[in-house]
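Below is one structure; the comments refer to it alone.
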Amino acid sequence: MTEALEEANVGLSRTLKDLFAGAVGGVAQVLIGQPFDIVKVRLQTTSQYTGAIDAASQILKNEGASAFYKGTLTPLIGIGACVSVQFGAFNYARRAFEAQNASKSSFPSAVAPSTLSYGQYYAAGAFAGVANTVLSSPIEHIRIRLQTQPHGAGRLYSGPLDCISKLSRSPSVPLGLYRGTAVTFLREAQAYGFWFLAFEYLMQSDVTRNKITRKDIPTWKIALYGGLAGEALWISSYPFDVVKSKMQTDGFGEKQRYKSMRDAFAQTFRQEGLGGFWRGIGPTLLRALPVSAGTFATVEMVMRAIT
């Protein structure tokens with residue numbers, strides 16, 4: 001009984017540390033990535049810009065520098081929570097796979113208990129993405145609405161709380177605030193499966209190649225591997241993100257264009273071809289490098305400091 005209690009306390013302590021490190025990483029992610037994100041969303045949801053530079057120039061000219069941080073309060077709070085959940089869920093799943101591998105370690109073909117297979121890393125990341133969707137779907141919906149609303153007197157929402165209130169009534173919480181959740185599930189599972197897989201593969205390869213421990217990997221390498229993992233995240237999941245953005249900027253009632261996720265995919269392909277699913281990928285990949293690098297470097301440094 002005592003051993004079981006001690007084991008439970010150790011597990012809880014690890015989870016709390018994972019959640020805290022993820023939350024700090026999430027704050028860094030928002031502060032670094034928000035200006036890139038607003039350009040990405042504008043490119044995904046409107047055709048008034050010729051490209052990323054034109055979008056950034058027009059936003060700066062017409063709305064001012066502060067426009068690049070429109071809707072930041074919601075993600076600053078929310079994305080911190082989301083990244084916290086991502087790392088907490090990933091490490092929970094990782095430890096479960098490690099325990100599973102350890103139970104099979106008596107067999108010659110078994111994976112070493114401390115090492116996950118590539119499939120297991122992907123599955124742990126996908127689990128983290130799915131767990132994160134309950135939070136990320138409404139948070140991103142609110143952020144996108146605030147980022148794309150008209151400037152000045154034509155504003156639709158006075159702030160995050162007003163946006164939440166109006167979306168919840170349009171026409172209901174599931175169809176309003178949580179619009180686009182089905183495609184968000186697909187995007188999050190695919191994105192975070194590849195995100196964690198790419199990062200862990202690069203980290204483990206460095207450990208094996210240089211015969212060092214994980215704590216010996218320098219910060220600049222952690223940032224590099226994190227940045228590359230960010231590229232893998234978006235390349236693997238971007239079409240889902242485009243459809244999500246289209247659904248979450250769609251109108252309500254008679255103004256609604258997309259009846260479902262499937263209809264959004266079909267209309268995008270019919271009207272824009274395959275290229276429509278990759279609109280805005282340039283600034284997204286540009287954003288992914290520093291944002292993902294900062295996230296992983298921050299999380300790793302925090303974990304080293306508190307363990």
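Every value quoted in this text rests on a predicted model; they were computed, and no experiment measured them.
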Using the rule given for side-chain contact (heavy atoms from CB on, under 4.5 Å), can you reason through Val207 versus Thr213, listing the C-alpha separation, both sets of side-chain angles and the distance that settles it, and then say yes or no? CA-CA 6 Å; Val207 167; Thr213 66; over 6 Å; no

Going through the distances and angles, do Asp18 and Arg95 end up as a salt bridge (charged side-chain N to carboxylate O under 4.0 Å, His left out)? CA-CA 12 Å; Asp18 292 336; Arg95 286 191 287 270; 3.2 Å; yes

If we ignore hydrogens and angles and just use 3.5 Å, is the side chain of Arg169 paired with the main-chain N or O of Pro171 as donor and acceptor? no

CD1-CD1 distance between Ile38 and Ile144, expressed to the nearest 0.5 angstrom: 11.0 Å

When every non-hydrogen atom of Phe97 is compared with those of Ala123, the smallest separation belongs to CZ-CB, 3.9 Å

Contact summary for Ser137 and Thr184, nearest pair of heavy atoms: OG-OG1, 4.0 Å

N/O donor-acceptor pair under 3.5 Å between Asn132 side chain and Ala128 backbone: no

If only atom types and distance count, is the side chain of Lys40 paired as donor or acceptor with the main-chain N or O of Pro35 below 3.5 Å? no

What distance separates Gln58 CD from Thr50 OG1, expressed to the nearest 0.5 Å? 7.5 Å

What one should report as the nearest heavy-atom pair of Met247 and Val183 is SD-CG1, 4.4 Å

With heavy-atom distances below 4.5 Å as the criterion, would you say the side chains of Phe277 and Glu272 are in contact? no

Hey, does Ser260 have a side-chain heavy atom less than 4.5 Å from the side chain of Asp263? yes

Short side-chain donor-acceptor distance under 3.5 Å, Gln190 and Tyr238: no

Is there a donor-acceptor pair under 3.5 Å between the side chain of Ser292 and the backbone N or O of Ala229? no

Within the side chain of Gln120, is there an N or O that forms a donor-acceptor pair under 3.5 Å with the backbone of Ser117? yes

Donor-acceptor pairs under 3.5 Å, side chain of residues 249-256 to any protein atom, not counting sequence neighbours: which ones?
residue	atom	partner	partner atom	Å
Thr249	OG1	Ser245	O	2.9
Thr249	OG1	Lys246	O	3.3
Asp250	OD1	Arg257	N	2.9
Asp250	OD2	Arg257	N	2.9
Asp250	OD2	Tyr258	N	2.9
Gln256	OE1	Arg179	NH2	3.4
Gln256	NE2	Tyr258	O	2.8

What's the separation between atom CG in Leu289 and atom CZ in Phe36, rounded to the nearest 0.5 Å? 9.5 Å

On the 0 to 90° scale, with breaks at 30° and 60°, tag the Trp195-Phe296 ring pair as parallel, tilted or perpendicular. tilted

Closest non-hydrogen atom pair between Gln149 and Leu146, with its separation: CG-O, 3.5 Å

Expected output: side-chain His141 to main-chain Ile164 donor-acceptor under 3.5 Å: no

Residues at least two apart in sequence or cross-chain that pass salt bridge (Lys or Arg N to Asp or Glu O under 4.0 Å) with Arg270, listed by chain then number, are none

OG of Ser172 to CG of Leu167, rounded to nearest 0.5 Å, is 11.0 Å

Run the salt bridge (charged side-chain N to carboxylate O under 4.0 Å, His left out) check on Arg155 and Glu63 step by step: do they pass? CA-CA 12 Å; Arg155 291 175 66 190; Glu63 304 172 45; over 6 Å; no

Sidechain-backbone polar pair: Asn91 side chain, Phe87 backbone, donor-acceptor under 3.5 Å: yes

So that I know where these two stand, are Tyr201 and Tyr118 an aromatic pair - ring centroids less than 6.0 Å apart? yes

CG-CD1 distance between Leu177 and Ile139, expressed to the nearest 0.5 angstrom: 10.0 Å

Less than 4.5 Å apart, any side-chain heavy atom of Tyr157 and any of Ile142? no

Donor-acceptor under 3.5 Å (Thr208 side chain, Ser205 main chain): no

Quick one: do the Asp54 and Gln48 side chains pair a donor with an acceptor below 3.5 Å? no

Is the closest side-chain heavy-atom distance between Lys244 and Arg187 below 4.5 Å? yes

Hey, does Arg214 have a side-chain heavy atom less than 4.5 Å from the side chain of Ile222? no

What closest approach, in Å, do Ala52 and Leu43 show between heavy atoms, and which atom pair accounts for it? CA-CD1, 3.8 Å

Would you call Arg279 and Val242 a side-chain contact if the rule is heavy atoms closer than 4.5 Å? no

For the side chain of Asp206 and the backbone of Leu202, is there at least one donor-acceptor N/O pair under 3.5 Å apart? no

With salt bridge (charged side-chain N to carboxylate O under 4.0 Å, His left out) as the criterion, how do Glu300 and Lys215 come out once you've worked through the C-alpha distance, each side chain's angles and the decisive distance to 0.1 Å? CA-CA 9 Å; Glu300 286 285 324; Lys215 288 188 175 182; over 6 Å; no

Yes or no on ring pair (Phe, Tyr, Trp, His ring centres under 6.0 Å) for Phe196 and Phe90, after CA distance, side-chain angles and deciding distance? CA-CA 8 Å; Phe196 283 107; Phe90 171 76; 4.0 Å; yes

Could you tell me whether the side chain of Gln86 reaches within less than 4.5 Å of the side chain of Tyr192, counting heavy atoms only? yes

Quick one: list whatever passes salt bridge (Lys or Arg N to Asp or Glu O under 4.0 Å) with Arg145, sequence neighbours left out. none

If you compare all heavy atoms of Pro138 against all heavy atoms of Thr133, which two are closest, and at what distance to 0.1 Å? CD-O, 4.2 Å

Distance, nearest 0.5 Å, that separates OG of Ser237 from CZ of Phe194: 9.5 Å

